[in-house]
Amino acid sequence: IVIRRGSNRLYLYQGTRQQRSFGVATGQSRYPTPLGRWHVVVKWRNPWWYPPNSDWAKGEKPIPPGPGNPLGTRWMGLSAPGVGMHGTPDSASIGYSASHGCIRMLIPEAAWLFDHVQLGTPVLII
């Protein structure tokens with residue numbers, strides 16, 4: 001997986017061949033998506049959302065799976081602490097730098113990606 005922060009695009013490769021690309025939302029300038037080489041360390045269906053310890057989510061409470069969960073129905077956590085690829089019910093954020101560092105995707109696209117990546121999949125964020 002290659003994620004280009006500047007264009008808010010995620011590219012899935014099979015070897016050197018591009019298999020698919022998606023529009024995504026990446027981190028705001030105050031909470032940027034971290035550059036570097038990472039890998040997928042966890043995959044969860046119907047995840048809970050736990051607010052990050054920052055002003056961005058001050059006063060927020062954990063949100064269980066279901067409608068309104070900011071992670072949608074899939075979470076693919078990266079080796080970058082607190083960062084993952086996930087669905088979002090906020091489809092208007094796709095294409096923008098709007099998150100707390102995560103890579104947001106449309107919920108059906110996150111579900112598709114979830115089914116096509118394994119633990120250990122390399123993720124290059126540039």
Side-chain angles (χ1 to χ4, degrees):
I1 295 174
V2 175
I3 297 165
R4 294 184 177 273
R5 290 190 326 184
S7 59
N8 287 304
R9 300 288 304 173
L10 180 152
Y11 300 90
L12 177 65
Y13 287 88
Q14 184 68 39
T16 58
R17 196 173 124 251
Q18 183 182 318
Q19 190 174 12
R20 195 148 173 209
S21 72
F22 304 94
V24 298
T26 55
Q28 303 170 28
S29 59
R30 187 168 177 203
Y31 305 104
T33 301
L35 298 171
R37 293 180 182 274
W38 313 100
H39 60 277
V40 176
V41 295
V42 66
K43 291 172 57 180
W44 294 329
R45 291 177 187 271
N46 301 312
W48 276 71
W49 177 77
Y50 296 95
N53 185 17
S54 74
D55 290 342
W56 187 78
K58 191 171 187 143
E60 295 287 335
K61 302 258 186 274
I63 300 174
N69 183 301
L71 303 179
T73 61
R74 301 291 186 276
W75 168 262
M76 293 158 277
L78 302 182
S79 52
V83 176
M85 302 174 292
H86 62 82
T88 181
D90 183 11
S91 59
S93 70
I94 302 301
Y96 296 95
S97 298
S99 78
H100 190 271
C102 285
I103 298 92
R104 295 179 183 173
M105 305 178 70
L106 297 175
I107 290 173
E109 293 178 351
W112 186 92
L113 186 66
F114 185 94
D115 290 339
H116 289 85
V117 300
Q118 272 75 50
L119 294 176
T121 297
V123 178
L124 177 62
I125 302 174
I126 54 176

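Index from 1, following the sequence.
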Pair S93-R104, side chain to side chain donor-acceptor pair (under 3.5 Å): steps then yes or no: CA-CA 8 Å; S93 70; R104 295 179 183 173; 3.1 Å; yes

Hydrophobic cluster membership, I125 vs I1, 4.5 Å side-chain cutoff: yes

Which atom of G101 lies closest to which atom of P34, heavy atoms considered: O-CD, 4.1 Å

Side-chain heavy atoms of L78 within contact of V40, under 4.5 Å: yes

Side-chain touch V24/M85, heavy atoms, less than 4.5 angstrom: no

R5 side chain to T33 backbone, donor-acceptor under 3.5 Å: yes

Salt-bridge contact K43-D115 (side-chain N to carboxylate O under 4.0 Å): no

From L124 atom CG to I3 atom CD1, the distance as rounded to the nearest 0.5 Å: 8.5 Å

Sub-4.5 Å side-chain heavy-atom contact between L113 and L10: yes

Heavy-atom pair of closest approach, residues Y11 and S21: CD2-CB, 3.5 Å

Beyond-backbone contact of H86 with W49, side-chain heavy atoms, under 4.5 angstrom: no

Hphob cluster co-occupancy, W75 + F114, side-chain heavy atoms under 4.5 angstrom: no

Value rounded to 0.5 Å, distance of CZ in R74 from CE in M105: 12.0 Å

Other residues, nucleotides, ligands: >12 heavy atoms within 6.0 Å of Q19 CD: yes

Side chain proximity check, P65 to P47, heavy atoms < 4.5 angstrom: no

Heavy atoms from other residues, nucleotides or ligands near CZ of R9 exceed 12 (cutoff 6.0 Å): yes

Closest approach of G82 to C102 (non-hydrogen atoms, all atoms of both residues): O-SG, 3.8 Å

Value rounded to 0.5 Å, distance of CZ in F22 from CG in L106: 9.5 Å

Nearest atoms (heavy-atom pairs only) where P32 meets S29: CD-O, 3.4 Å

Joint hydrophobic cluster, Y96 plus V83, side-chain heavy atoms closer than 4.5 Å: no

CZ/R37: more than 12 non-hydrogen atoms of other groups inside 6.0 Å: no

Sequence-distant partners of D55, side-chain contact (heavy atoms from CB on, under 4.5 Å), two or more places apart: R30, Y31, K58

Check: S97 and N8 side chains under 4.5 Å, non-hydrogen atoms: yes

Steps toward side-chain contact (heavy atoms from CB on, under 4.5 Å) verdict (I63, L71): CA-CA 9 Å; I63 300 174; L71 303 179; over 6 Å; no

Contact check, side chains of Q28 and H100, non-hydrogen atoms, under 4.5 Å: no

Heavy-atom closest contact (M76 atom, V117 atom, distance): SD-CG2, 3.9 Å

S79 side-chain N/O to W38 backbone N/O, donor-acceptor pair under 3.5 Å: no

pair W112-L12: side-chain heavy atoms closer than 4.5 Å: yes

